[in-house]
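This report refers to the structure that appears directly beneath it.
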Amino acid sequence: YMVKRTNKRQFNEFDRERYVREAHLLQCKEELNDLLENERVSFQFQPIVDARTGALFGVEALIRPHTENIKTPYELLSLARSQSKLGEVERLTWFKALEGFSRLPLANTGCRIFNSIANQVLSADELQRLEETYARLLPRLVMELTEDDRPDDRFTAIKREFVRRWNGALALDDYGTGYNGESILVDLSPDFVKLDIAIVQHPCGQ
C-alpha cells in the first residue's frame, strides 16, 4: 500500500517501523475526531501569583486530552495543526476552559484567566455564544499571543478587538523565543509579558 500511494508498479521491502508509525498516526486521527466531536478534554488551572506578595493574581487554563493515544497538549496541538483543526481546538479551549473556571470559587473574585491558541480566532456565531454565556467573566480574560502570532496581522487585529470590546487584557506569551522581540513589544503594547524560561535561566545569553 505504501508503494501504491507513491511509486506504482514497483516493489519495496516491508518497513515495520514505518508501518507502526503510520498505523499510530491513523489511530490518532480517529481519536482526534472523536475528541473534538465529544469534547473529550478537561482543563487544569495553573496559578499565577504576585511575586511580591504571593497573592493569587490569575490562572492559566491548561488543556488535558482524554484519549488512549493523545496524551499531552503538545501532541493534541501538533496533530490538530497537521489536520487543519486548530480552530476546533480553539473553540473547545474557550468554552470548556470558561465552563471549568466558572465552577471555581475564585471565579467570584478578581482572578484573571489566561488563555488562547496561536493564530486562531472564534467564528462570529461562536463569539456571540461565548458572550451570551460568559459575559460576566469576559472582562477577566487575558488573551495570549505568542511571537508566532505576529506574522498574521489579521488574527492579531481580531484578538485585540476582542480584548477592547470585553475590557480584557492582552499578554505576550513565551517572550524571547522569536527573532523580533523588541519589535513585537512596540507593536502590540501588551498588558502582560510572560518571559520564556530560557531568559530567566540564562539572562543576557549567559
Side-chain angles (χ1 to χ4, degrees), residues 1-2 4-6 14-48 58-104 106-107 112-127 129-130 133-134 137 141-152 155-156 158-159 162 171-178 194-198:
Y1 281 103
M2 293 176 187
K4 184 177 180 181
R5 293 198 304 267
T6 55
F14 178 72
D15 186 333
R16 178 173 293 277
E17 289 186 4
R18 181 177 177 184
Y19 170 78
V20 171
R21 185 170 61 251
E22 293 198 358
H24 178 74
L25 180 60
L26 178 60
Q27 179 65 31
C28 285
K29 289 180 182 178
E30 294 173 352
E31 286 190 5
L32 175 64
N33 292 333
D34 179 64
L35 178 149
L36 294 172
E37 182 177 352
N38 296 293
E39 301 185 346
R40 299 190 189 282
V41 298
S42 62
F43 280 83
Q44 296 180 357
F45 298 93
Q46 179 173 283
I48 300 173
V59 294
E60 182 172 4
L62 304 175
I63 193 169
R64 295 291 182 263
H66 297 290
T67 69
E68 182 178 350
N69 292 293
I70 306 173
K71 300 291 187 181
T72 68
Y74 176 79
E75 291 174 347
L76 171 59
L77 294 176
S78 296
L79 184 62
R81 183 178 295 108
S82 70
Q83 299 300 306
S84 300
K85 293 185 176 180
L86 276 178
E88 295 178 54
V89 178
E90 173 82 336
R91 174 183 56 79
L92 271 184
T93 296
W94 280 115
F95 284 94
K96 296 293 287 186
L98 286 173
E99 178 186 336
F101 181 73
S102 68
R103 297 195 186 106
L104 301 178
L106 54 81
R112 292 179 176 269
I113 175 171
F114 288 66
N115 200 21
S116 196
I117 293 179
N119 284 331
Q120 300 298 317
V121 294
L122 298 175
S123 69
D125 290 342
E126 290 167 345
L127 176 60
R129 184 158 60 93
L130 187 77
T133 307
Y134 298 109
L137 297 178
L141 278 173
V142 180
M143 184 85 70
E144 292 187 342
L145 299 174
T146 68
E147 290 183 69
D148 289 337
D149 280 283
R150 186 63 184 86
D152 198 318
F155 284 136
T156 301
I158 292 173
K159 288 187 175 184
F162 288 173
L172 180 60
D173 194 14
D174 295 333
Y175 177 70
T177 59
K194 298 171 68 178
L195 299 179
D196 186 80
I197 194 171

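- No donor-acceptor pair closer than 3.5 Å links the side chain of Glu39 to the backbone N or O of Lys96.
- Taking each heavy atom of Ser116 and Lys159 in turn, the nearest pair found is OG-NZ, 3.1 Å.
- Scanning both residues, Ala171 and Val142, for their nearest heavy atoms gives CB-CG1, 3.5 Å.
- Lys29 contributes atom NZ, which lies 4.5 Å from atom CD of Gln83 (distance to the nearest 0.5 angstrom).
- Here the closest heavy-atom approach between residue Glu31 and residue Thr67 is recorded as OE1-OG1, 3.1 Å.
- Residues Leu76 and Leu35 form a side-chain contact, since some pair of their non-hydrogen atoms from C-beta on lies under 4.5 Å apart.
- Looking at Asn33 and Lys85, their side chains come closer than 4.5 Å, going by heavy atoms from C-beta outward.
- Between Asp34 atom CG and Ile70 atom CD1 the span is 9.0 Å, to the nearest 0.5 Å.
- In terms of heavy atoms, Glu88 sits closest to Leu36 at OE1-CD1, 3.5 Å.
- Pairing each heavy atom of Trp94 with each of Leu130, the nearest pair is CB-CD1, 4.2 Å.
- Taking 4.5 Å as the limit, every side-chain heavy atom of Leu98 sits out of range of all side-chain heavy atoms of Thr133.
- Annotation: the span from Ile63 atom CD1 to Gln44 atom CD amounts to 11.5 Å, rounded to 0.5 Å.
- The minimum heavy-atom distance linking Gly100 with Phe45 is given by the pair C-CZ, 3.8 Å.
- A heavy-atom distance below 4.5 Å is found between the side chains of Phe95 and Arg129.
- Side-chain contact between Pro65 and Lys71 is absent, with no heavy atoms from C-beta onward closer than 4.5 Å.
- A donor-acceptor pair is defined here as one N or O able to donate and one able to accept, closer than 3.5 Å; no such pair exists between the side chain of Glu126 and the backbone of Leu122.
- Checking side-chain atoms of Ser78 against main-chain N and O of Glu75 turns up no donor-acceptor pair under 3.5 Å.
- In this structure, the side chains of Glu60 and Leu62 come closer than 4.5 Å at one or more pairs of heavy atoms.
- The OG atom of Ser123 sits 9.0 Å away from the CZ atom of Arg91 when rounded to the nearest 0.5 Å.
- For the pair Glu90 and Val121, the minimum side-chain heavy-atom distance is 4.5 Å or more.
- A distance of 6.0 Å separates CZ of Phe43 from CG of Asn115, quoted to the nearest 0.5 Å.
- Under the 4.5 Å side-chain criterion, counting only non-hydrogen atoms from C-beta, Leu137 is not in contact with Ile113.
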